Trainee: 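Below is a structure I'd like to ask you about.
Read the numbers this way: they start at 1 and go in the same order the structure lists the ligands and their atoms. A quick note: this is a predicted structure, and the numbers were derived from the prediction, not measured.
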Amino acid sequence: MNDCRAQLAQQLAESVAEALRTDLASRERALLVVSGGSTPVPFFQALATKDLAWDRIDITLADERWVDAFADDSNARLVNEHLLTGPASAANFVPLTSDDATPEQGAEVVNERIENLDWPASVVILGMGGDGHTASLFPDSQELGLALSTDEAVVAVRSPGQPQPRITLSAGRLHQAQRHILHLTGEEKRVVLGRALAGDDVRELPIRAFLACPLAIYWAP
Ligand SMILES: O=C(O)[C@H](O)[C@@H](O)[C@H](O)[C@H](O)COP(=O)(O)O
């Protein structure tokens with residue numbers, strides 16, 4: 001990893017830790033929503049070292065692949081391996097999967113689990129793909145319209161471009177946060193973000209659903 005990305009991860013971890021500390025001063029529990037993918041790994045590792053009342057922190061995901069929790073491409077596994085370590089292992093992790101065979105079957109039980117958390121979240125950290133998707137709000141998914149408009153907390157999603165079915169927090173649920181952060185790296189994503197900022201068709205580039213104020217953008221080359 002280049003130095004800029006390492007510094008970015010450190011700075012993001014400091015900022016998120018500070019936000020959690022601030023919120024825990026006035027509420028019993030704080031909720032952190034993180035994204036999966038490859039970008040957050042150094043951030044997770046940096047955040048895990050922070051001195052926080054981890055036993056008062058709930059952590060969930062913006063989205064998940066409907067795979068076994070031990071699968072290589074499971075976001076839960078990513079969080080377990082890189083964030084829930086050392087003192088941070090005292091945090092309460094709330095997964096987005098169930099024992100059901102499909103996300104459509106599991107959505108109801110996951111929805112209830114997510115609704116029972118302490119909203120609004122302290123921080124929602126989003127990632128972005130090269131197609132402008134964020135969480136599992138994919139431009140080519142039939143469920144995009146539902147995920148952008150529903151009052152439900154989660155939506156089962158299929159995308160022709162993705163090998164596994166997914167489950168995602170809805171845009172409405174992701175909006176329920178004190179702070180929103182977009183964490184991304186590289187030139188390709190900078191260009192996509194530039195396009196997103198220059199237009200307003202959310203279905204073309206779903207990240208646009210979160211470009212309303214305020215969104216803190218953490219980017220490094
Ligand atoms: O993959 C996931 O779990 C998330 O659904 C996705 O929204 C992710 O944040 C972006 O695709 C960026 O992924 P990278 O960090 O791997 O580029």
Trainee: Does some side-chain heavy atom of Phe210 sit less than 4.5 Å from a side-chain heavy atom of Thr134?
Mentor: yes

Trainee: Going by the closest heavy atom to atom 11 (O) of ligand 1, which one wins out of His133, Glu64, Arg65, Met128?
Mentor: His133

Trainee: Determine, using the 4.5 Å side-chain heavy-atom cutoff (strictly less than), whether Val191 and Ile217 are members of one ILVMFWY cluster.
Mentor: no

Trainee: Between Ser38 and ligand 1, is there a nitrogen or oxygen pair with a distance under 3.5 Å?
Mentor: yes

Trainee: Mark up the atoms of ligand 1 that fall under 4.0 Å of a heavy atom belonging to Asp63, in ascending order.
Mentor: 2 (C), 3 (O), 4 (C), 5 (O)

Trainee: Could you identify the single nearest non-hydrogen protein atom to atom 3 (O) of ligand 1 and state the distance to 0.1 Å?
Mentor: Asn75 ND2, 2.8 Å

Trainee: Answer with yes or no whether the hydrophobic clustering places Leu174 together with Leu146; edges join I, L, V, M, F, W, Y residues whose side-chain heavy atoms lie under 4.5 Å apart.
Mentor: no

Trainee: So which bit of Thr39 gets within less than 4.0 Å of ligand 1, heavy atoms only: side chain, backbone, both or neither?
Mentor: both

Trainee: Does the side chain of Leu193 reach to within under 4.5 Å of the side chain of Leu211, using non-hydrogen atoms?
Mentor: yes

Trainee: Which one holds for Ala62 and ligand 1: side chain close, backbone close, both close, or neither close, with close meaning a heavy atom under 4.0 Å?
Mentor: neither

Trainee: Can you list the ligand 1 atoms lying under 4.0 Å from a non-hydrogen atom of Gly36?
Mentor: 2 (C), 3 (O), 9 (O)

Trainee: Going by distance only, is there an N or O of Arg166 that falls short of 3.5 Å from an N or O of ligand 1?
Mentor: yes

Trainee: Looking at Asp72 and Arg77, is there a salt bridge between them, counting it only when a charged N and a carboxylate O are closer than 4.0 Å?
Mentor: yes

Trainee: Against heavy atoms of Lys189, which atoms of ligand 1 measure under 4.0 Å?
Mentor: 12 (C), 14 (P), 15 (O), 17 (O)

Trainee: Asn111 versus Glu108: any side-chain heavy-atom pair under 4.5 Å?
Mentor: no

Trainee: Based purely on interatomic distance, does Ala135 place a nitrogen or oxygen under 3.5 Å from a nitrogen or oxygen of ligand 1?
Mentor: yes

Trainee: So His133 and Ser141, do their side chains get closer than 4.5 Å, heavy atoms only?
Mentor: no

Trainee: Which residue, Gln164, Glu104, Glu143, forms the side-chain hydrogen bond (donor to acceptor under 3.5 Å, both in side chains) with Arg158?
Mentor: Glu104

Trainee: Any idea which atoms of ligand 1 are less than 4.0 Å away from a heavy-atom of Gly127?
Mentor: 9 (O)

